Amino acid sequence: MVWYHYVFGAVLIVASIIITIVVLMQEGRSQNLSGAITGGADSFVGKSKGRTVEGKLERLTKWLIGLFFAIVLAAFLVFLFV
């Protein structure tokens, strides 16, 4: 195996561990169910969700998954053409 196989493997393992930790730090969707019944979606808290810790964790998760996909695609292309 060539050195970059190990580099891609190590980066993917670290990225998957980070994604797992960030996802586990998020609140469950069932905790927000009471707000849907009482109409809590119209409250100020619901409108400013992007600025809360939960909103930041969701945004970070999306970026990390996109980065993970790009690394997997790059690894595939490198292994395919080299």
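Since this is a predicted model, take the numbers as computed values, not measurements.
Interatomic distance, CD1 of I21 versus OG1 of T61, reported as 11.5 Å (0.5 Å rounding). Note that CD of Q26 is 5.5 Å distant from CG of L57, once rounded to the nearest 0.5 Å. One distance of note links CD of E58 with OG1 of T52; it measures 7.5 Å at 0.5 Å rounding.
Residues passing the ring-ring contact (aromatic ring centres under 6.0 Å, His included) test with Y4: none are found, sequence neighbours excluded.
Taking hydrophobic clusters as Ile, Leu, Val, Met, Phe, Trp and Tyr residues chained together by side-chain heavy-atom distances below 4.5 Å, L64 does not share a cluster with L24. Under a hydrophobic-cluster definition in which Ile, Leu, Val, Met, Phe, Trp and Tyr are linked whenever side-chain heavy atoms come within less than 4.5 Å, directly or via other members, V11 and V2 are assigned to the same cluster. L12 and V14 end up in the same hydrophobic cluster when Ile, Leu, Val, Met, Phe, Trp and Tyr side chains are linked at under 4.5 Å.
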Let me have the donor-acceptor pairs involving side chains of residues 67-82, under 3.5 Å, with sequence neighbours excluded, atom names and distances please.
none

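No donor-acceptor distance shorter than 3.5 angstrom exists from the side chain of E27 to the backbone of E54, with no hydrogens or angles considered.
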